[in-house]
**Student:** 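Let me give you the structure first, and then I'll get to my questions.
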Amino acid sequence: MRRQPTLRLLALAIISAAAGIAAPHLATAEDIAPLVSPDRIDDVPSTKVDPFPAFDNFAWRAFVALNWPSRTEADHRGEPDRERTLGDSGPRVWETFKSRYELFEVGPDGKSAAPSPWARYEGLNPCGAGVDNRVKTLASFVPFADFNQPGFTLGEPLNPLVAQNRTYTRYEIRINRAEYDAIAATGWSESKNLPNEDHPADLPIGSIAIKASWRLMTEADTPAIRSRYYIVKDAEVVDVAKSLAAGRPLCSKSDIGLVGFHIMIKTRYRPQWLWSTFEHVDNVPPAGEGEAREPDARDAGAPYSYYDASEPDRKLPLLGSPESLPVSASNPPQVDPAPMQVTRRHPVHPSTMAMNRAYWTLPGIKGTVWEHYMLVASQWPTVIIPRGPQNDGTYFPGLTLSPGVPREPYQSDDPSRENKENLANTTMETYLQDAPSSCMACHASLANARGRDFAGILSGLH
C-alpha cells in the first residue's frame, strides 16, 4: 500500500495547523490536524481512500480529552477543568467516570444493589467500607478479577501479566455518564431485564468505555523512571502478601503507573463503536523500522516494563501453562511471581506512527508525561449503517469481505497477508496479538452476538 502521499498531506496539515493556515480538505480540517484540547472530535463521518489519519486523529483527540485534568466536584464528574492544562496534576476526566464496581454495586448483605446516581460517590468500595470511592481503587468485588486480562470465552478471564519488577499488572474499567445512566436505569447492573438477541441493547450515541492497565511502582523505579509515566500516588490496590495471609483480598496503598489504555466510543456514524488503544512507549522493544519505528526505552536509558533485554531468547509462557492461569480465589497470586517476557508481534502502522510523532511535538504534550504514550492502533466498522438491530457490520480489519459489501482500498480478503493490521495492546491482549483476535472481534462475539451492543461490561451478566 502506498502511504507516502498520505504522510506528506498529514505533515502539511500539521504545519498548517501550527501556522494557522487552512489545511487541504481530506475529511474535515479537524479530522487530521493534531490539536491539544479538552474537547474530542464527535465522529468520523466518512472514510477516505486512506482513512488512517482521520481515525488516528480521532483517537488521539479522545486520548487527550479523556486525560485532561477533571473537575473534582461530584456533580461535575467526567468534565474537564478548562482552567488547567493537560500537563497539570490531578485526576483525569476518565478517572472520574463511574468505575465497574460502582456500576455493579454490592450491598452490606453481599447481594447486588442499585448503583448510586451519577453525581454521587456513595457505595461500598471493594477495598472496604473505610475507602472512599473518590480514591483510585484497583480491586474488584470478585476476588482477584482485577489481575486478569479478558478472554474469548464468556465469563472466563484469560491470564495475568507480570512486569519485570515482579508485580502483577492491574486492570480497571470505567464508563461515562451516557453509558452508565442507560445501564443503571434499565436494571441491567442488577441482572434485571437483561438484553438478548431478540431484545438487544442500544446504548446511547456518545457512550464511552475505558479500560486501563497499571503497573505497580516499586523502590526499583527511580525518580527518572517515574517521571516518564502518568502516576497515581497512594492508590488502593489489592496487596498480595496481606491477602494470602488473611485468606481474602486486602488492600494497601501503592503508587501505580499507567501502561495501557483502551478507548471505546459509540458514534452516530459508527454505531458499532470506534476503537483505539494506547501504550506507554517503554512497555516492550520496538517492532517497526525506519520512520515507522516505535521509540525504544533503551534510547532514553529506561528499562522495559515487560521485557528483559539480557534474555532475548526467553519466551512468553504458553497460554494455559501454570504461569498463565487466571488468578482467582482457587489460584491465588504469588508474592514473588516470575516476570513475563513480552514482545510486540506486529509493528505499529506507519501512518499511526506519523500521527504519534505529530502529537509528541505539540506544545502542551511535549515535555509532559503524555509524550511517552503512543497510539498503537485504531479500529472502525467499514459498514457505516448497521444491517440489523445488533449493529453487526463488517469491521476493520476485514480479512474476508462479506458478499455484497463494497471493497475499499484498506480492506483485504487475503488471509495470508504477512502484515495484518490488528488492534492489540501488549498489556491487555498479551497472548492475542494476531488477527482476527482484535478488540472488536472479541466484543462482537462475547457481547454483540448476545444483544449486548459490543459492551464488554455487560457480556458476563446472566
Side-chain angles (χ1 to χ4, degrees), residues 1 3 52 56 59 148-152 157-164 169 171 211 213 215 259-263 275-298 303-321 323-324 338-356 373-379 395-400 410-412 414-445:
M1 295 173 62
R3 297 291 175 200
F52 278 85
D56 287 349
N148 298 308
Q149 298 179 6
F152 270 102
L158 187 63
N159 61 277
L161 173 61
V162 181
Q164 291 298 309
T169 303
Y171 302 93
K211 184 185 297 180
S213 52
R215 177 168 78 77
V259 292
F261 197 75
H262 273 340
I263 306 173
W275 311 70
S276 58
T277 191
F278 288 76
E279 290 189 40
H280 195 280
V281 297
D282 294 348
N283 284 349
V284 296
E289 298 178 353
E291 287 298 315
R293 179 178 178 267
E294 307 96 289
D296 192 333
R298 291 187 297 183
Y304 301 118
S305 289
Y306 299 98
Y307 182 83
D308 185 349
S310 69
E311 299 185 72
D313 295 329
R314 185 160 63 88
K315 304 296 184 183
L316 188 70
L318 292 175
L319 192 60
S321 64
E323 301 91 334
S324 68
M340 293 181 176
Q341 189 81 333
V342 181
T343 58
R344 191 179 311 285
R345 288 185 51 80
H346 304 286
V348 177
H349 196 283
S351 290
T352 302
M353 279 308 305
M355 187 63 72
N356 285 331
Y373 290 86
M374 66 178 175
L375 174 63
V376 175
S378 299
Q379 191 173 35
Y395 59 87
F396 175 86
L399 297 183
T400 303
Y410 55 91
Q411 288 181 313
S412 171
D414 178 9
S416 65
R417 249 182 340 138
E418 292 183 2
N419 187 24
K420 302 180 180 73
E421 289 87 7
N422 188 34
L423 192 144
N425 188 303
T426 62
T427 70
M428 299 191 210
E429 292 87 22
T430 307
Y431 291 86
L432 300 175
Q433 297 187 47
D434 296 325
S437 57
S438 67
C439 282
M440 196 168 182
C442 178
H443 284 250
S445 62

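In this text the structure is predicted, and so the values were computed from the model without any measurement.
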**Student:** I want to check something: taking the side chain as every heavy atom from C-beta on, are Leu423 and His262 in contact at a cut-off of under 4.5 Å?
**Tutor:**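 Yes, side chains in contact.
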**Student:** Under the ring pair (Phe, Tyr, Trp, His ring centres under 6.0 Å) test, which residues partner Phe261, sequence neighbours left out?
**Tutor:**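 Result, ring pair (Phe, Tyr, Trp, His ring centres under 6.0 Å) vs Phe261: Phe63, Trp94.
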**Student:** Would you please say whether a donor-acceptor pair under 3.5 Å links the side chains of Asp56 and Ser378?
**Tutor:**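 Yes, side-chain donor-acceptor contact under 3.5 Å.
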**Student:** Might you confirm whether atom CD of Glu291 has over 12 heavy atoms from other residues, nucleotides or ligands at distances under 6.0 Å?
**Tutor:**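 Counting neighbours around CD of Glu291, 12 or fewer heavy atoms of other residues, nucleotides or ligands fall under 6.0 Å, so no.
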**Student:** Do Pro295 and Met374 have side chains that get closer than 4.5 Å, going by heavy atoms?
**Tutor:**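 In contact.
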**Student:** I'd like to know if the side chain of Thr169 and the backbone of Leu161 have a donor-acceptor N/O pair within less than 3.5 Å.
**Tutor:**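 Checking the backbone N and O of Leu161 against the side chain of Thr169, a donor-acceptor pair under 3.5 Å is found.
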**Student:** Closer than 3.5 angstrom, by distance alone: can the side chain of Glu294 be matched with the main-chain N or O of Ala287 as a donor-acceptor pair?
**Tutor:**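 Between the backbone of Ala287 and the side chain of Glu294 there is a qualifying donor-acceptor contact (under 3.5 Å).
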**Student:** Just how far is it from atom NE2 of His346 to atom CG of Asp434, taken to the nearest 0.5 Å?
**Tutor:**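 His346 NE2 to Asp434 CG: 4.0 Å, rounded to 0.5 Å.
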**Student:** Taking only residues two or more places apart in sequence or in another chain, which ones pass side chain to side chain contact (heavy atoms under 4.5 Å, CB included) with Val284?
**Tutor:**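 For Val284 the side chain to side chain contact (heavy atoms under 4.5 Å, CB included) partners, ignoring immediate neighbours, are Tyr306, Val342, Arg344, Thr426.
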**Student:** According to side-chain hydrogen bond (donor to acceptor under 3.5 Å, both in side chains), who are the partners of Tyr304, at least two apart in sequence or on a separate chain?
**Tutor:**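 Result, side-chain hydrogen bond (donor to acceptor under 3.5 Å, both in side chains) vs Tyr304: Asp296, Arg298.
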**Student:** Can you say whether the rings of Tyr373 and His280 are parallel (under 30°), tilted (30 to 60°) or perpendicular (over 60°)?
**Tutor:**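 Rings of Tyr373 and His280: perpendicular, as their planes differ by over 60°.
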**Student:** Once side-chain hydrogen bond (donor to acceptor under 3.5 Å, both in side chains) is applied, do any residues pair with Gln341, and if so which ones, sequence neighbours excluded?
**Tutor:**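 Partners of Gln341 by the side-chain hydrogen bond (donor to acceptor under 3.5 Å, both in side chains) criterion, ordered by chain and then number, come out as Arg314.
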**Student:** Please name all residues satisfying side-chain hydrogen bond (donor to acceptor under 3.5 Å, both in side chains) with Tyr171, sequence neighbours left out, ordered by chain then number.
**Tutor:**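 With sequence neighbours excluded, Tyr171 shows a side-chain hydrogen bond (donor to acceptor under 3.5 Å, both in side chains) to Gln149, given in chain and number order.
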**Student:** State, with a plain yes or no, whether a side-chain heavy atom of Asn356 is found less than 4.5 Å away from one of Val281.
**Tutor:**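 In short, these two side chains do not touch, never coming nearer than 4.5 Å.
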**Student:** Do side-chain atoms of Glu323 reach the backbone of Met340 as a donor and acceptor pair under 3.5 angstrom?
**Tutor:**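 Not at all, since once roles are kept as given, no pair shorter than 3.5 Å links the two residues.
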**Student:** Could I get the full list of side chain to side chain contact (heavy atoms under 4.5 Å, CB included) partners for Ser324, not counting sequence neighbours?
**Tutor:**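 In terms of side chain to side chain contact (heavy atoms under 4.5 Å, CB included), with neighbours along the sequence ignored, Ser324 is linked to Asn159, Leu319, Ser321, Tyr431.
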